[in-house]
Amino acid sequence: MNPTHEAFEQLSAYLDGELSERETTAVEAHLATCADCARALDALRATAREVRALEDPVPSEQDSWALRAAVARARRRAEQPRSVQFAMAASGAAAVLITLVFAVSQFGASDRQAALAPEAGTEGLTGPDVVVTKENFNERSARSLLLGYALGSEAGASAYDSSVPAPAPAAGSIEGSTGVGGGAVEDSGTTGAAENIPAPQALAPQAPAARAASGAGTGPSSLSRRIADCQRIEILPHTDDRLEAVSYRSARYKRQPAFLLVFRVPDAKPARLELWVLHRETCRTLYFTQQTTS
Amino acid sequence: MSETGAASTTGGPSDHELVRRYIDGDARAFDELVARFERRVYAVAFRMCGNPEDARDVSQEVFLNAMRALKRFREEAQLSTWFHRVTVNASLDHMRKRKRRSSTPIEDVAEQPSSDPGPEDAAAGAARAAEVHRALSRLSSEHRAVLVLHDLEDLDYAEAATALDIPVGTVKSRIHRARIEMAKLLGHLRKMGETEPLEGPEPLKEGR
């Protein structure tokens, strides 16, 4: 056995202090006589040093938040009976987490370039004429984006834009569509309890177009049925804060079937807007961003 | 990362204590485990997968998996070892699945900013770090795993062997091969005045 071969194979372990005393002595004796191995050792040492110098990447605040939310949702899902529960925030009902899904061009023959969130690079949602990033994410930009998708979506994409103001006392999941009340999901944007929400009115002119584009029923029951049809969609709150659904739809995120959701958290200090993308089948959080509302 | 069973630096409950509490039904104990291990899991996932999106996905998978798996956790194992193993495996699975969908161009993989930007030296340092990260991404997943666990997670050969469930001798040879590969990619071997980068023992026999 050629001692040169053996010594070379030991060099990393020698560098890492993993050799026995006897082996270490043998390697050191060899290094004293072999310039090539000495150079190899220098190269290995320099390499190890550069690798070790890599700093730990830090998960972004969004990532941390998404992780905790995913854990909270899994926990609540485990505590609930395994049935699809869908609820729209309405009077007397608790706030709900609705995932929005964008129908992207893959769904049909649409030429729209819309891509949900970044494939590489930009952190944000893009759609026709609107780019929503975590910097500019607010209710208006999100609505524009969703509306753009609603108008451009092909048949087969579920699109429903609703504004649901919800003076809900407590969080929790709501069964079926009985929780929907007060015409909360009317396309016109006006709802029973909409006195204090000016924004839905702005949606009114376009909403009929959205309905035409989706071609689907728009009442609360058809909504919940549509959601229920989509595999195992379990929609559960992830926080004890009251949630107000702003809008949602289905879409694809990085080629995965997903739901996209926008909702308000008015009781949070400061009040914020959250944007979620959940995998349609596993409900795993694919993307999340939030913005305080001024 | 917390030591085996030892109390955290703040004098709080040990990892094993938290797992016990979680098994007994204390959900907050699990949240505490998330807080303790989140960054370590993310760091390993990031170095294994090469980008923040996959690191985030893998982190979620790891902790969601942990919610079930920790109920059967046996206390003779270190929790950190357990998280290392699960994160490496989840990263490998994730990368295999991604390969079937689309491949992430290696050039798009950027070094994640971790500290504040400084003067020009820092910019050069960051560029080099990105190169090192890219070189890591080009290793085979087996080679990358041992380097990540040993050089970045500070596990010794025995600990890495336990985490990866392979013999210590395999760890030793993989680290050596991985470093040689990295040395070539990073140009350390080329600087030795040889016209060919070192392949191994053979070139050593030439001349001298």
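We name chains A, B, ... by the order of the sequence lines, and we start the count at 1 in each one.
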Under 4.5 Å from a heavy atom of chain B, the part of A/E18 involved:
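Just its side chain gets close to chain B.
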For A/L15, is it the side chain, the backbone, both, or neither that has a heavy atom closer than 4.5 Å to a heavy atom of chain B?
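The side chain, not the backbone.
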Select one option (side chain, backbone, both, neither) describing which atoms of B/M67 are under 4.5 Å from chain A's heavy atoms.
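Side chain only.
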Part of B/A66 within contact of chain A (heavy atom distance under 4.5 Å)
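For B/A66, there is no contact with chain A at all, as no heavy atom is under 4.5 Å.
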Donor-acceptor contact below 3.5 Å, side chain A/E23 vs main chain A/S20:
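Answer holds: yes.
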For B/E32 and B/L18, indicate whether the former's side chain and the latter's backbone hold a donor-acceptor pair under 3.5 Å.
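Side chain of B/E32 to backbone of B/L18, a donor-acceptor pair under 3.5 Å: no, none is there.
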Pairs touching residues 159-172 of chain B that satisfy side-chain hydrogen bond (donor to acceptor under 3.5 Å, both in side chains), sequence neighbours left out
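Output for this query lists A/Q10-B/K172.
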Tell me, please, which residues at least two apart from A/R52 pass side chain to side chain contact (heavy atoms under 4.5 Å, CB included).
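If we apply the side chain to side chain contact (heavy atoms under 4.5 Å, CB included) test to A/R52, skipping adjacent residues, the hits are A/D16, A/A48, B/H150, B/D151, B/R179.
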Are B/H16 and B/F73 an aromatic pair, judged by ring center distance below 6.0 Å?
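For B/F73 and B/H16, the ring centres are under 6.0 Å apart.
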Quick check for you: among A/A53, A/S64, A/G17, which has the greatest number of heavy-atom pairs under 4.5 Å with chain B?
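Max contact count across the listed options: A/S64.
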